[in-house]
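Each remark here refers to the structure printed beneath this line.
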Amino acid sequence: MKSHGKFIAEHSLPYLLLSDPDHQAAELFGVWGLKKLYGREYMGLIRSTFLLDEEGRLVQEWRNIRVKGHVRNVLDAVKAMDGAHSG
């Protein structure tokens, strides 16, 4: 939690960050699972992004993401969502 507070302050974030040390939320979202690295298997967080609307409804999800191009894809989805609400 201390590192979250520092990160929020450092980047002037206007929202809270989730801390899930027991990975209960990760399990509910289906993003805690078996991973492999250099032949070693272990349980860990599967990189995923979830876009929610203002009411907290799931609009879109991306699972097993790769960083390259991902930010653009999410921003495009947010802009499309904003366009749908303003129209």
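The shown structure was predicted, so the numbers you read here are calculated from the model rather than taken from an experiment.
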With a 4.5 Å heavy-atom cut-off, do L52 and L58 have their side chains touching? yes
Distance from [X] atom [atom1] to [Y] atom [atom2], nearest 0.5 Å?
X	Y	atom1	atom2	value
T49	E61	OG1	CD	10.5 Å
L45	E27	CG	CD	11.0 Å
Q60	D76	CD	CG	10.0 Å
W32	I46	CH2	CD1	9.5 Å

If the plane angle is over 60° it's perpendicular, under 30° parallel, otherwise tilted; pick one for H70 and W62. perpendicular
Can you establish whether the number of heavy atoms outside R63 located under 6.0 Å from its atom CZ is more than 12?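 Above 12, so yes.
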Which atom names give the shortest non-hydrogen contact between [X] and [Y], and what distance separates them?
X	Y	result
A26	D20	N-OD2, 2.9 Å
A77	L51	CB-CD2, 3.9 Å
L17	H4	CB-CD2, 3.4 Å
L34	M43	N-SD, 3.7 Å

Short question: side chain of D53, backbone of E55 - any donor-acceptor pair under 3.5 Å?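 Confirmed, D53 side chain pairs with E55 backbone.
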Take K79 and D82 through the side chain to side chain contact (heavy atoms under 4.5 Å, CB included) test and state the conclusion after the steps. CA-CA 5 Å; K79 289 177 184 176; D82 285 344; 5.6 Å; no
Would a hydrophobic clustering, with Ile, Leu, Val, Met, Phe, Trp and Tyr connected at side-chain separations under 4.5 Å, put V59 with V78? yes
When you group the ILVMFWY residues by side-chain heavy-atom contacts below 4.5 Å and let the links chain together, are Y42 and Y38 in the same group? yes
